[in-house]
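Numbers here are sequence positions counted from 1. The model shown is predicted, which means the values in this text are computed figures rather than measured ones.
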Amino acid sequence: YAWDANEEYLFKAMVAFAMRRYSSKSTTQISNVLLCNVTDRVSFWFVVTDSTKNVTTVPGSEVEAAIRMNRNRINSAFLLNDKTLQFLEISSTLSPPVEPSTPVWLIVFGVVLCLTVAGIVFLIVSGIQRHKKKNKESSETENLEEKCEVTITIENGIPCETLDSKAGHINGVYAADDERFTSL
């Protein structure tokens with residue numbers, strides 16, 4: 001938009017407003033803000049005079065602090081932002097974008113690597129647990145078989161040993177009787 005007398009008046013009013021809000025005095029008027037060296041590209045410098053003594057200027061540090069405190073209001077009045085309305089020697093209110101100290105790809109790589117290592121560790125630990133469980137079950141089965149071999153059963157009130165199904169068992173009572181019988 002074109003910079004004309006109305007825009008100039010609005011700028012002076014916004015600076016006077018900022019000075020009033022900063023110093024909490026209602027003595028700063030629009031006439032106390034002086035624009036100098038205005039160019040077609042809307043470039044100028046300005047001073048703020050003290051309203052009680054029209055000759056002296058307000059220190060630059062106070063003007064900077066007042067503008068810094070009310071910068072968002074000044075930008076909003078002109079529908080601009082810190083990139084389009086620049087005050088030299090006054091830092092912008094927006095902080096520069098923060099760049100992480102480590103690249104994003106390195107963070108993603110670290111996360112994927114950690115997940116892969118965790119998966120491998122999980123598979124190894126679960127395999128060891130399965131192997132131990134399998135060995136425990138096979139040893140329990142062998143123990144049960146041994147118990148079955150040792151047990152003595154009672155039939156008709158008489159204790160009897162069970163036959164060893166693996167090695168076989170020959171009953172000695174009938175071994176000698178085989179010779180008694182004649183073959184047919």
Side-chain angles (χ1 to χ4, degrees), residues 1-140:
Y1 54 85
W3 183 262
D4 57 7
N6 294 328
E7 298 292 332
E8 198 172 299
Y9 180 82
L10 179 61
F11 180 78
K12 288 179 179 181
M14 290 307 299
V15 172
F17 168 78
M19 291 302 295
R20 284 181 170 209
R21 294 263 325 252
Y22 176 73
S23 64
S24 300
K25 299 179 202 172
S26 61
T27 57
T28 305
Q29 302 295 324
I30 294 173
S31 59
N32 296 112
V33 179
L34 305 173
L35 300 181
C36 305
N37 295 339
V38 179
T39 65
D40 292 336
R41 295 195 63 195
V42 192
S43 172
F44 54 87
W45 57 275
F46 66 94
V47 291
V48 179
T49 59
D50 192 355
S51 60
T52 57
K53 310 170 202 152
N54 256 347
V55 180
T56 61
T57 59
V58 176
S61 59
E62 286 184 32
V63 175
E64 285 179 25
I67 290 175
R68 206 176 275 120
M69 186 175 108
N70 295 291
R71 181 115 182 213
N72 60 343
R73 296 286 296 267
I74 296 171
N75 286 342
S76 297
F78 291 101
L79 303 174
L80 300 172
N81 59 26
D82 283 338
K83 293 180 181 176
T84 54
L85 180 61
Q86 181 181 10
F87 289 93
L88 297 178
E89 298 180 13
I90 300 175
S91 60
S92 63
T93 55
L94 298 176
S95 61
V98 179
E99 293 185 19
S101 59
T102 57
V104 175
W105 68 267
L106 188 60
I107 295 169
V108 172
F109 176 75
V111 169
V112 170
L113 183 66
C114 288
L115 289 174
T116 304
V117 169
I120 290 170
V121 168
F122 173 75
L123 290 174
I124 290 172
V125 169
S126 64
I128 290 171
Q129 287 177 344
R130 265 191 267 132
H131 183 68
K132 284 182 179 180
K133 185 177 178 183
K134 186 177 178 183
N135 285 343
K136 186 177 178 183
E137 288 175 358
S138 64
S139 66
E140 286 177 359

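- Here the NZ-OG distance, from K133 to S126, works out to 12.0 Å after rounding to the nearest 0.5 Å.
- Distance check, rounded to the nearest 0.5 Å: CD1 of I74 to CZ of F17 gives 9.0 Å.
- For the atom pair NZ of K12 and CG of L34, the computed distance is 7.0 Å after rounding to the nearest 0.5 Å.
- Here the straight-line distance linking atom CG of N70 with atom OH of Y22 works out to 11.0 Å at 0.5 Å rounding.
- Atom-to-atom distance recorded for R20:CZ and N32:CG is 9.0 Å, nearest 0.5 angstrom.
- Atom OG1 in T28 sits 13.5 Å away from atom CZ in R21 (nearest 0.5 Å).
- Side-chain atoms of Q29 and M19, non-hydrogen and from C-beta on, never get closer than 4.5 Å to each other.
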